[in-house]
Amino acid sequence: METSVAFYQTCIKTLLKNYEGLQSEQAKTIIVADDMGMHYLVLWVGWEGHKRIHSCALHLDILDERIVIQCNDTEELIEDTLVSMGVAPDAIVLGTLPPFLRKETSFTPKYSVAA
């Protein structure tokens, strides 16, 4: 039987693959999936003329058996996508919101470890 952490890892990696093709002539997409450290990122890296492109599109961590959304620079509500994949809302922490605003959501409101 798959553990909750293994299930979360599978869901996150499936989610990140949706962004694999979002690259341009100026920047390519890099997906980082660190299962040991439980850090998951989508980066855009490249050059636009003389301007360096190095941007984090998504950053998720698994901390204390919860998925913490550390950065979401996309237009998608990835927390809803994770829920549609079967992740319970109380296993998701919106790290992009200040802790006092999290209580206004249906996701884990009181979690504050590194988020």
Side-chain angles (χ1 to χ4, degrees):
M1 183 174 176
E2 191 176 44
T3 65
S4 59
V5 169
F7 176 65
Y8 298 160
Q9 290 171 324
T10 300
C11 291
I12 292 170
K13 287 188 276 190
T14 300
L15 175 78
L16 298 187
K17 284 193 177 284
N18 293 336
Y19 296 91
E20 220 167 25
L22 292 179
Q23 49 194 18
S24 65
E25 290 180 25
Q26 294 84 22
K28 68 178 184 177
T29 303
I30 296 174
I31 294 176
V32 178
D34 171 15
D35 284 336
M36 288 194 59
M38 294 194 270
H39 306 289
Y40 304 88
L41 299 108
V42 175
L43 302 170
W44 287 306
V45 178
W47 288 95
E48 184 172 355
H50 296 288
K51 182 180 176 189
R52 179 72 171 153
I53 298 169
H54 189 270
S55 175
C56 178
L58 287 173
H59 175 184
L60 297 93
D61 291 330
I62 299 174
L63 298 169
D64 199 22
E65 298 195 17
R66 290 186 170 91
I67 297 173
V68 180
I69 300 172
Q70 302 282 18
C71 170
N72 180 5
D73 200 19
T74 73
E75 296 178 358
E76 184 179 353
L77 297 174
I78 60 171
E79 58 274 25
D80 291 344
T81 303
L82 291 168
V83 169
S84 74
M85 295 172 145
V87 177
D90 64 355
I92 299 171
V93 178
L94 301 177
T96 56
L97 291 178
F100 69 92
L101 286 179
R102 294 179 194 163
K103 64 184 175 190
E104 305 297 326
T105 73
S106 60
F107 300 96
T108 306
K110 295 181 180 174
Y111 191 75
S112 63
V113 174

Enumerate, atom names and distances included, each donor-acceptor pair closer than 3.5 Å involving a side-chain atom of residues 78-93, sequence neighbours excluded.
unit_1, atom_1, unit_2, atom_2, d
Thr81, OG1, Glu76, OE2, 2.5
Ser84, OG, Thr81, O, 2.6

So how far is it from Tyr8 OH to Ile67 CD1, rounded to the nearest 0.5 Å? 6.5 Å
Before you tell me yes or no, could you show the steps for Leu94 and Val68 under side chain to side chain contact (heavy atoms under 4.5 Å, CB included), namely the whole-Å CA-CA distance, both residues' side-chain angles and the distance that decides it to 0.1 Å? CA-CA 6 Å; Leu94 301 177; Val68 180; over 6 Å; no
What residues form a side chain to side chain donor-acceptor pair (under 3.5 Å) with Thr74, not counting sequence neighbours? Asn72
Could you tabulate the donor-acceptor pairs under 3.5 Å formed by side-chain atoms of residues 33-42, not counting sequence neighbours?
unit_1, atom_1, unit_2, atom_2, d
Asp34, OD1, Met36, N, 3.3
Asp34, OD1, Gly37, N, 2.9
Asp34, OD2, Gly37, N, 3.4
Asp35, OD1, Lys13, NZ, 3.4
Asp35, OD1, Tyr40, OH, 2.7
Asp35, OD2, Lys13, NZ, 2.8
His39, ND1, Asp61, OD1, 2.8
His39, NE2, Gly37, O, 3.1
Tyr40, OH, Gln9, NE2, 3.2

If I take atom SG from residue Cys11 and atom CG from residue Leu16, how far apart are they, to the nearest 0.5 angstrom? 11.0 Å
Apply side chain to side chain contact (heavy atoms under 4.5 Å, CB included) to residues Glu65 and Val5 and explain how you reach the verdict. CA-CA 6 Å; Glu65 298 195 17; Val5 169; 3.9 Å; yes
N/O donor-acceptor pairs under 3.5 Å from side chains in residues 25-32, not counting sequence neighbours:
unit_1, atom_1, unit_2, atom_2, d
Gln26, OE1, Ser24, OG, 3.3
Thr29, OG1, Leu22, O, 2.8
Thr29, OG1, Trp44, NE1, 3.2

Counting only pairs under 3.5 Å, give me each side-chain donor-acceptor contact of residues 51-58, with atom names and distances, residues two or more places apart or in other chains.
unit_1, atom_1, unit_2, atom_2, d
Arg52, NH1, Gly46, O, 3.2

